[in-house]
Novice: 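Right, I'll just put the structure down here and ask away after.
Throughout, a chain's letter reflects where its sequence line sits, starting with A, and its residues are numbered from 1.
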2 protein chains.
Amino acid sequence: MTILNDVTLEQGAKILKLLGDKTRLNIVSILMHDECCVCELVEVLQMSQPSISQHVAKLKSAEIVKERRQGQWIFYRINESVSVYPLVKSIVNHFPDQQEVIRNLEKQGLRVCCDN
Amino acid sequence: MTILNDVTLEQGAKILKLLGDKTRLNIVSILMHDECCVCELVEVLQMSQPSISQHVAKLKSAEIVKERRQGQWIFYRINESVSVYPLVKSIVNHFPDQQEVIRNLEKQGLRVCCDN
DNA sequence: CCATTATATAAGCATACACTTATATAATCA
DNA sequence: TGATTATATAAGTGTATGCTTATATAATGG
């Protein structure tokens, strides 16, 4: 096992605190596969739009995720080019794959990304 | 990269929340090398005894650490035989090694473990 | 047995957090 | 332009968190 040593304890604690919330951890796990917009996350997680928006705003301000506007939608995705990305990635690797929740959205025709 | 899939998102969020505190993350990083008693952690982290006790109590109740009484002292160490251990270990691997803080304690003659 | 040392626990307090409801901003489309 | 859809933000609220001070428990050693 190599010693990675990417981040300080202080930076790390900040990231872990953000990921130490079930909703945000779920969002990050989902975005590890695909980019998603807020309304998709609202549908998948069955939570209110402001709540989801506030969660992704926190993830964005910590640079864990990036955003890309496309028309009405703002798509969020994991920011792979930041120093904490290896930490985030290695954490998410310990949890069950969340890819199927996106697949289920597609099957229900609720996937925004696929329509344009 | 293998998919580990040791813990649920919910269990994981609980662990990350606990590690999402600078003091506790520091304690866990230190204990990854050696067992320590509360008074050593008080010395190293320069925090009050009740504060340190409360932090290790939280780590213990989540089974991240175990305790061993020896005389007056209670030594805490990482619990390697719990399902979240691989997660904890892989997180700590991303941060700078904390072994030297213990070495410094020894040099100062403040190491309890070494006296008996 | 009493003083000392180590640790735990309880109570109090200021702050942070995650949600809610309401409203603002922004893009699309008829 | 006005209605609709998507998202952000602000304000309010109940709860959780991390510290403090004070006290309790437990082991040691004279």
Side-chain angles (χ1 to χ4, degrees), chain A residues 9-10 13-28 31 35-62 64-77 105 109-116, chain B residues 9-10 13-28 31 35-62 64-77 105 109-116:
Chain A
L9 279 176
E10 203 149 316
K14 197 187 96 188
I15 298 300
L16 297 173
K17 187 174 203 170
L18 279 170
L19 298 184
D21 173 273
K22 192 186 151 195
T23 304
R24 283 192 296 267
L25 191 57
N26 214 329
I27 290 173
V28 169
L31 297 185
E35 61 178 12
C36 280
C37 60
V38 170
C39 63
E40 289 172 321
L41 294 171
V42 166
E43 179 64 31
V44 165
L45 301 175
Q46 291 288 296
M47 290 182 69
S48 75
Q49 176 267 313
S51 188
I52 297 294
S53 275
Q54 284 159 9
H55 281 303
V56 294
K58 287 191 176 187
L59 293 172
K60 196 183 72 174
S61 78
I64 295 173
V65 304
K66 288 198 280 192
E67 66 177 19
R68 172 180 72 89
R69 172 143 236 155
Q70 183 176 324
Q72 298 171 280
W73 299 281
I74 298 175
F75 291 99
Y76 288 91
R77 67 181 187 283
L105 259 196
L110 297 172
R111 194 74 205 274
V112 172
C113 315
C114 304
D115 302 321
N116 42 358
Chain B
L9 279 177
E10 201 148 318
K14 196 187 96 187
I15 299 300
L16 297 173
K17 187 173 201 170
L18 279 170
L19 298 185
D21 173 272
K22 192 186 151 196
T23 303
R24 284 192 297 266
L25 191 57
N26 214 330
I27 291 173
V28 169
L31 297 185
E35 61 179 11
C36 280
C37 61
V38 171
C39 62
E40 290 173 320
L41 294 170
V42 166
E43 179 64 31
V44 165
L45 302 175
Q46 291 287 296
M47 290 180 69
S48 74
Q49 176 267 314
S51 187
I52 297 293
S53 275
Q54 284 158 8
H55 281 303
V56 294
K58 287 189 178 189
L59 293 172
K60 195 183 71 174
S61 78
I64 295 173
V65 303
K66 289 199 279 193
E67 66 178 18
R68 172 180 73 89
R69 170 144 239 154
Q70 184 176 324
Q72 298 170 280
W73 300 281
I74 299 176
F75 291 100
Y76 288 92
R77 66 181 188 283
L105 258 197
L110 297 171
R111 194 73 205 275
V112 171
C113 313
C114 304
D115 302 322
N116 40 0

Novice: Going by side chain to side chain donor-acceptor pair (under 3.5 Å), name the residues that satisfy it together with B:K58, two or more places apart in sequence or in a different chain.
Specialist: none
Novice: How long is the line joining CD of B:E67 and P of C:dT7, in whole Å?
Specialist: 11 Å
Novice: Within this structure, what is the CD-to-C1' distance between B:E43 and C:dT5, rounded to whole angstrom?
Specialist: 15 Å
Novice: In whole angstroms, how far is the C1' atom of D:dT17 from the CG atom of A:L18?
Specialist: 16 Å
Novice: For the helix from C:dC1-D:dG30 to C:dA30-D:dT1, what is the angle between the axes at its two ends, each from 5 pairs, rounded to 10°?
Specialist: 10°
Novice: List in chain and number order the residues that pass side chain to side chain donor-acceptor pair (under 3.5 Å) with B:E10, two or more places apart in sequence or in another chain; answer none if no residue qualifies.
Specialist: A:K22
Novice: Would you name the heavy atoms of B:C37 and B:W73 that are closest together and state the gap between them?
Specialist: SG-CD1, 4.0 Å
Novice: List in chain and number order the residues that pass side chain to side chain donor-acceptor pair (under 3.5 Å) with A:T23, two or more places apart in sequence or in another chain; answer none if no residue qualifies.
Specialist: none
Novice: Could you pull out all residues at least two apart from A:K17 that satisfy side-chain contact (heavy atoms from CB on, under 4.5 Å)?
Specialist: none
Novice: Report the residues that fulfil side-chain contact (heavy atoms from CB on, under 4.5 Å) with A:R69, sequence neighbours left out, ordered by chain and then residue number.
Specialist: A:I74
Novice: Can you give one letter per nucleotide of nucleotides 24-30 of chain D, going 5' to 3': B for a protein heavy atom under 4.0 Å from the base, S for sugar-phosphate only, - for none?
Specialist: ---SS--
Novice: Quick one: which of B:R24, B:E35, B:K60 gives a side chain to side chain contact (heavy atoms under 4.5 Å, CB included) with B:V65?
Specialist: B:K60
Novice: Tell me the interatomic distance from A:D21, atom CG, to D:dA16, atom C1', rounded to whole angstroms.
Specialist: 12 Å
Novice: How far apart are the closest heavy atoms of B:H55 and B:I27, and which atoms are they?
Specialist: CB-CD1, 4.0 Å
Novice: Would you say a side-chain N or O of A:K17 is under 4.0 Å from OP1 or OP2 of C:dA16?
Specialist: no
Novice: side-chain contact (heavy atoms from CB on, under 4.5 Å) with A:K14: which residues, sequence neighbours excluded?
Specialist: A:A62
Novice: Of the non-hydrogen atoms in B:V38 and B:I52, which two are nearest, and what is the gap between them?
Specialist: CG1-CG2, 3.9 Å
Novice: Over how many whole Å does the gap from A:K22 atom NZ to C:dA18 atom P extend?
Specialist: 14 Å
Novice: Name every residue in residues 44-60 of chain B that has at least one heavy atom under 4.0 Å from any atom of DNA chain C, in order of residue number, or write none if there are no such residues.
Specialist: B:Q49, B:P50, B:S53, B:Q54
Novice: Rounded to whole angstrom units, what separation is found between the CD atom of A:E40 and the C1' atom of D:dA6?
Specialist: 12 Å
Novice: With A:Q49, which residues qualify under side chain to side chain donor-acceptor pair (under 3.5 Å), at least two apart?
Specialist: A:S53
